[in-house]
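By convention here, the first residue in the shown sequence is residue 1.
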Amino acid sequence: MGQEIASHSFSEADFQRFAHHLQAETALLARWFEDNRFEQVHPVAGFELEACLITPTGDPNPINQAYLRHMNNPLVVPELAQFNVEINGTPQPLREKALSQMAAELAETWQQCCQGAEDLEAQLLMIGILPTLNPALLTLATISPMERYYALSEQVLRLRQGQELGLNISGRHPLTMQHADIIMLESATTSFQIHVQVDPDQAVRLFNAAQIASAPTVALGANAPYFLGHDLWQETRIPLFEQAIDGIPTPTSPRQRVSFGTHYVQHSLLECFQENLHNYPILLPVLMEADPAQLPHLRLHNGTIWRWNRPLIGVDGERPHLRLEHRSLAAGPTVSDMMANLAFFLGLMQSLASQEIAPESQLSFAHARSNFYQAAQHGLSASVIWWDPSHPRPLLPLIQEVLLPQARQGLMDLCVSGDDIDHYLGIIAARLSHSQNGAIWQQRYCAKHGNNMQQLTRAYWQRQQSGIPVHAWDLD
């Protein structure tokens with residue numbers, strides 16, 4: 001979905017031709033899996049960070065076109081709304097000093113991006129949902145002027161048969177509203193996405209482990225309790241994004257396009273792409289002249305299905321490769337916090353995938369999915385099933401006593417530097433001992449100072465500028 005397209009207008013013939021290409025490319029991908037064509041590698045990790053442009057008073061600042069021209073940096077690209085941008089990192093082999101190297105690169109790029117915003121009398125913020133958003137800004141008037149975004153908006157509305165979205169999110173102060181420009185609700189959800197290139201022989205175990213590891217990870221990194229002034233989930237991005245892209249289920253379109261998925265992978269990641277072909281209507285039928293071996297239509301179609309753990313096919317080397325994209329983490333609160341989240345997730349995923357007895361044989365998919373939504377809604381105060389379904393366990397002590405040591409072992413197995421492991425998992429340990437992630441800090445700040453979203457945003461920005469991890473943020 002990162003690629004620009006030539007037009008946002010499509011004919012029925014476009015859909016038919018795209019479907020033909022998609023079917024052929026899925027068959028080609030199946031042959032690649034049969035022939036073991038994929039590159040065998042030690043895991044390689046990277047990231048994408050979505051950020052918000054704001055005014056000095058903390059309000060959204062829709063100036064990303066001028067900002068991107070000013071930055072002129074290929075690592076900094078547009079996002080859906082004019083008040084959002086995306087910052088990319090250079091992938092690193094996940095060994096030795098990879099974590100600190102990624103952190104140093106992101107910190108340097110972030111500082112350059114913040115300075116670029118200051119040059120335009122603006123500021124940059126990384127947070128799961130900007131507290132000062134209002135419905136008037138979540139309209140097509142603030143969409144980034146790119147054909148792919150116009151097309152996405154039109155096609156999501158087409159799948160909904162022209163109906164407005166009835167948004168309904170539970171919480172301390174539940175939110176119910178109607179919204180016409182559906183796709184723009186997605187722009188409210190800014191994330192820190194983790195990419196990891198995996199060995200094909202381990203891909204099934206790693207993908208299933210990523211599903212299981214998502215619940216504790218989303219609870220640890222929760223940073224989006226407020227939307228439009230309502231105190232909702234600890235990670236409100238999850239229900240907001242799912243509802244913003246949700247079509248109307250029909251016999252030919254039974255699946256949500258944003259979801260935790262429907263089952264564990266059994267034999268290969270091909271199962272996800274076959275599910276894409278058979279269960280998800282084509283959203284963007286962009287016809288491309290590229291070599292079919294580049295899988296252009298398959299990869300575009302996969303980019304319009306937003307699993308919280310999404311398999312990707314890379315074709316930029318001599319041999320294709322497999323990647324996993326973890327999408328559930330919010331942006332922020334600081335570079336150190338995000339790198340700690342990355343370290344925990346990748347370490348726990350590796351540890352779970354290496355266990356002699358596959359965890360997916362002990363924890364049902366239904367429980368893994370339920371755990372994920374419980375953790376997104378209740379954060380560190382959630383209870384989950386792990387592994388005995390008759391005994392739900394409080395998540396915070398489970399992470400402290402069981403999962404954090406497992407994450408450490410997973411990183412050690414990957415030959416990550418002991419200093420890096422100690423530093424970043426130490427941040428996670430401190431976050432747990434203080435019971436304070438980004439969402440909890442925001443709620444504690446509002447409990448002390450009142451629900452003034454501009455004041456909250458300004459206080460959050462000031463602490464983010466310090467670089468101090470969120471567990472040590474004060475409330476004064």
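Exactly one residue among Glu186, Glu242, Gln243 makes a side chain to side chain contact (heavy atoms under 4.5 Å, CB included) with Val258. That residue is Glu242. When each of Gln155, His297, Glu147 is tested with Leu284 by the rule side chain to side chain contact (heavy atoms under 4.5 Å, CB included), just one qualifies, namely Gln155.
Taking the six-membered ring where tryptophan is involved, the planes of Phe260 and Tyr373 are perpendicular, since the angle between them exceeds 60° and thus also 30°. In this pair, His326 and Phe345 present their aromatic rings parallel. The plane angle is below 30°, not in the 30 to 60° band. Between Trp32 and Phe38, the ring planes lie perpendicular to each other; the angle is over 60°, past the 30° to 60° tilted range.
Counting heavy atoms from C-beta outward, Ile305 and Arg257 have side chains that approach closer than 4.5 Å. Counting heavy atoms from C-beta on, the side chains of Pro225 and Leu232 never come closer than 4.5 Å.
Here Arg307 pairs with Glu275 in a salt bridge; the nearest charged N to carboxylate O distance falls below 4.0 Å. Under a 4.0 Å N-O distance rule, the pair Asp388/Arg393 does not qualify as a salt bridge. With respect to the salt-bridge test (charged N to carboxylate O, under 4.0 angstrom), the residues Arg310 and Glu325 qualify.
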Next item on the list: Go through the steps for Ser144 and Asn64 under the test side-chain hydrogen bond (donor to acceptor under 3.5 Å, both in side chains), then give the verdict.
Entry: CA-CA 8 Å; Ser144 290; Asn64 73 354; 2.9 Å; yes
Next item on the list: Begin from the C-alpha positions of Asn88 and Glu86 and carry the test side-chain hydrogen bond (donor to acceptor under 3.5 Å, both in side chains) through to its verdict.
Entry: CA-CA 7 Å; Asn88 293 276; Glu86 179 185 292; 3.2 Å; yes
Check: Between Leu404 and Leu348, is a side-chain contact (heavy atoms from CB on, under 4.5 Å) present by the stated rule, with each step listed?
Finding: CA-CA 8 Å; Leu404 195 54; Leu348 181 58; over 6 Å; no
Check: Yes or no on side-chain hydrogen bond (donor to acceptor under 3.5 Å, both in side chains) for Gln443 and Gln234, after CA distance, side-chain angles and deciding distance?
Finding: CA-CA 9 Å; Gln443 290 173 322; Gln234 293 284 283; 2.8 Å; yes
Next item on the list: Please assess Trp386 against Leu403 for the test side-chain contact (heavy atoms from CB on, under 4.5 Å), listing each intermediate value before the final yes or no.
Entry: CA-CA 11 Å; Trp386 205 280; Leu403 306 185; 3.6 Å; yes
Next item on the list: Could you go through the side-chain hydrogen bond (donor to acceptor under 3.5 Å, both in side chains) check for Ser187 and Asn84 one step at a time?
Entry: CA-CA 7 Å; Ser187 69; Asn84 294 146; 4.5 Å; no
Margin query: Assess the residue pair Trp110 and Leu49 against the criterion (side-chain contact (heavy atoms from CB on, under 4.5 Å)); give the C-alpha distance rounded to whole Å, side-chain angles, the decisive distance to 0.1 Å, and a yes or no.
Written below: CA-CA 10 Å; Trp110 179 253; Leu49 169 62; 4.1 Å; yes
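With no hydrogens or angles considered, no side-chain donor-acceptor pair links Trp306 and Ser259 at under 3.5 Å. Between the side chains of Asp14 and Gln16, no donor-acceptor pair of N or O atoms lies under 3.5 Å. In this structure, a donor-acceptor pair under 3.5 Å is present between the side chains of Gln193 and Glu50. One side chain, His321 or Arg323, offers a donor N or O that lies under 3.5 Å from an acceptor on the other. For the residue pair Ser191 and Arg327, no side-chain donor N or O sits within less than 3.5 Å of a side-chain acceptor on the partner.
The structure places CG of Leu94 at 8.0 Å from CD of Gln350, a figure rounded to the nearest 0.5 Å. The CZ atom of Phe372 sits 8.5 Å away from atom CD of Gln211, with the distance rounded to the nearest 0.5 Å. For the atom pair CG (Asn73) and CD1 (Ile87), the distance works out to 9.0 Å, reported to the nearest 0.5 Å.
Enclosure of atom CD in Gln40 by more than 12 non-hydrogen atoms of other residues, nucleotides or ligands within 6.0 angstrom is indicated. Applying the 6.0 Å contact sphere to NE2 of His42 captures more than 12 heavy atoms from other residues, nucleotides or ligands.
Sorted by first and then second residue, the salt bridge (charged side-chain N to carboxylate O under 4.0 Å, His left out) pairs with a member in residues 192-203 form an empty list; sequence neighbours excluded.
In terms of heavy atoms, Pro405 sits closest to Ile399 at CD-O, 4.1 Å.
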